[in-house]
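Down below is the structure, laid out as structure tokens.
Positions are given from 1 along the sequence. Note that the structure is a prediction, hence the values are computed from the model and not measured.
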Amino acid sequence: MRLEDYLAETGESCASFARRLRDPVSGEAVRRWARGERVPEGVAMAQIFDASGGKVTPNDFFGIVPAGDGA
């Protein structure tokens, strides 16, 4: 699931999601990740995975889907 879709589904703001990450980032950074303007670094991807309960995976930032999921 893309980060943008996760935020829309949960109704969470970028700023609120940013506060839930272990390493401090701005709401603006989360907005850019969600819109695909930037790709988070590996550590941030792991934190996004954790904060989203596993719904947003590192692969989602690159459009990689598991085999059998429409690939």
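One N or O on the side chain of Gln47 and one on the backbone of Arg22 form a donor-acceptor pair closer than 3.5 Å.
Of all the heavy atoms in Ala29 and Val25, the pair that sits closest is CB-CB, 4.3 Å. Taking each heavy atom of Gly27 and Cys14 in turn, the nearest pair found is O-CB, 3.4 Å. Summarising the geometry of Phe17 relative to Ser52, their closest heavy-atom pair is CE1-N, 4.4 Å, with the distance given to 0.1 Å.
Cluster annotation: Ile64 is connected to Val39 through the hydrophobic network of ILVMFWY side chains, with a link wherever side-chain heavy atoms come within less than 4.5 Å. Under the 4.5 Å side-chain heavy-atom criterion for grouping Ile, Leu, Val, Met, Phe, Trp and Tyr, Met1 is connected to Leu3 within one hydrophobic cluster.
A 6.0 Å sphere centred on CZ of Arg20 holds more than 12 heavy atoms belonging to other residues, nucleotides or ligands.
Judged as a salt bridge (charged side-chain N to carboxylate O under 4.0 Å, His left out), and not counting sequence neighbours, Arg19 has no contacts. In this view, Glu41 satisfies the salt bridge (charged side-chain N to carboxylate O under 4.0 Å, His left out) rule with no residue, not counting sequence neighbours.
Sorted by first and then second residue, the ring-ring contact (aromatic ring centres under 6.0 Å, His included) pairs with a member in residues 32-66 form an empty list; sequence neighbours excluded.
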Inset, instruction - May I have the step-by-step check of side chain to side chain contact (heavy atoms under 4.5 Å, CB included) for Val30 and Leu7, ending in yes or no? - result: CA-CA 10 Å; Val30 172; Leu7 295 172; 4.1 Å; yes
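Residue Arg31 holds its CZ atom at 10.0 Å from CZ of Arg38, rounded to the nearest 0.5 Å.
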